[in-house]
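Structure first, then comments.
Start at 1 and go down the list; that is how both ligands and their atoms are numbered.
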Amino acid sequence: MRLNTKLIHAGQAPDKQNGGVNVAISTSSTFKQDGVGGFRDGYEYSRGGNPSRNSLEETLAAIENGKYARAFASGLAASSAIISTLNPGDEIIATADIYGGTYRLFTKIFPKYNIKVKLLETHSALEITAAITKDTKLIWIESPTNPLLNIIDIAQVAANKPAGVLLAVDNTFASPYFQTPLDLGADIVVHSTTKYIGGHSDIIGGAVITNNAALADAIYFQQYANGGVPSPFDCYLAQRGLKTLAVRMERHQSNAIAVANYLQTHSQVEKVFFVGFPDHPGHAVAKKQMRGFPGMVSFLIKGGRPAADKFFDKVRVFTFAESLGAVESLTCYPYLMTHGGIPEEVKDRIGIAQNLIRLSVGIEDIADLLEDLQQALG
Ligand SMILES: *Cc1c(COP(=O)(O)O)cnc(C)c1O
């Protein structure tokens, strides 16, 4: 099956008993055993496995072109599960302009267990692999990055790292519709399914996808032993969201192109960050590794923080809120919201400026979005 078909059918065969075309929400926490160890369909207790979750995992593996997927209760629970497979003394290499919550895990949680994190202020694949030491076990990248939409050459990082160092790519921004990192040589894909995968701002969820059987076992052990699993209802919502991923992403893209082009010409706008612009520094690599561009557009507003506050106050169709990737357009202030946990001097150095505004362009009528930006910037 091709991607657009997998989104609707992979892991979602009609119900074996009644033919229902949707996967049932399997609410049982426990399953009757036919004698000790006599598991029907392999189910015992829902932390270890649940039909709704396993069905979602099958869909997720298929659409990321992976063999194994594991769903979690949040994107950060998924990230945490990956990092928890490491041992004290192991080192992670990551780039500094990552999601603020991942940054918090790297700097506030895992150092306590002597897992070291080297945060690099670069997007050069060569500089990333040059930083590998004998202790490095994991490279962690986002592409496009959040919120500045920088691009890292995933295939080049994958090609230049030793086999013993795993490459994890947070694919939340691109979604599997526009980018499949396992095809580019990554070992692990991580998602916040809260965003484009769910697509409707109605769940918190995460996922890990890989082709590496040993790693898949270790991630399953994290589900079972650490317990950060999603509810069956949230699994259903993620799967329902996925059915329309293709049509949503196409509209996110066309709306984002129109919004970016509009902002580019506006006298109140100092600079626009959008991967789809040919003069974006990562555009050539993005065209090589992505099939399109998601609805994320950031820009610097003239007039600093006061101008940004005014913009947030005036928007009517865009909603001033955290998060991204859903049908409704959102705007946020990365400096104090998504990236509030990053030290000020780091934010200043890497360009998360006090006049930076992030837009998650939704799938509303583009004319309404442009009119809203016009009146809010006016
Ligand atoms: C939101 C987000 C996360 C964290 O996911 P949660 O579901 O909020 O825990 C991780 N990475 C990226 C890029 C995100 O946008």
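The closest side-chain donor-acceptor pair between D135 and T133, if any, does not fall under 3.5 angstrom.
No more than 12 heavy atoms of other residues, nucleotides or ligands sit less than 6.0 Å from atom CZ of R240.
By the 4.0 Å N-to-carboxylate-O rule, R349 lies too far from E345 to be salt-bridged with it.
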Need the list: ligand 1 N/O atoms against protein N/O atoms, distance under 3.5 Å, rounded to one decimal.
from	atom 1	to	atom 2	distance (Å)
ligand 1	5 (O)	S192	OG	3.0
ligand 1	7 (O)	G75	N	2.9
ligand 1	7 (O)	S192	OG	2.8
ligand 1	7 (O)	T194	OG1	2.7
ligand 1	9 (O)	G75	N	3.0
ligand 1	9 (O)	L76	N	2.9
ligand 1	11 (N)	D170	OD2	2.7
ligand 1	15 (O)	K195	NZ	2.8

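Of the residues listed (L263, T331, V275, N261), the one engaging V297 in a side-chain contact (heavy atoms from CB on, under 4.5 Å) is L263, and it is the only one.
Using a 30° and 60° split on the angle between ring planes, F277 and F274 fall in the perpendicular class, above 60°.
The aromatic ring centroids of H252 and Y196 lie less than 6.0 Å from each other.
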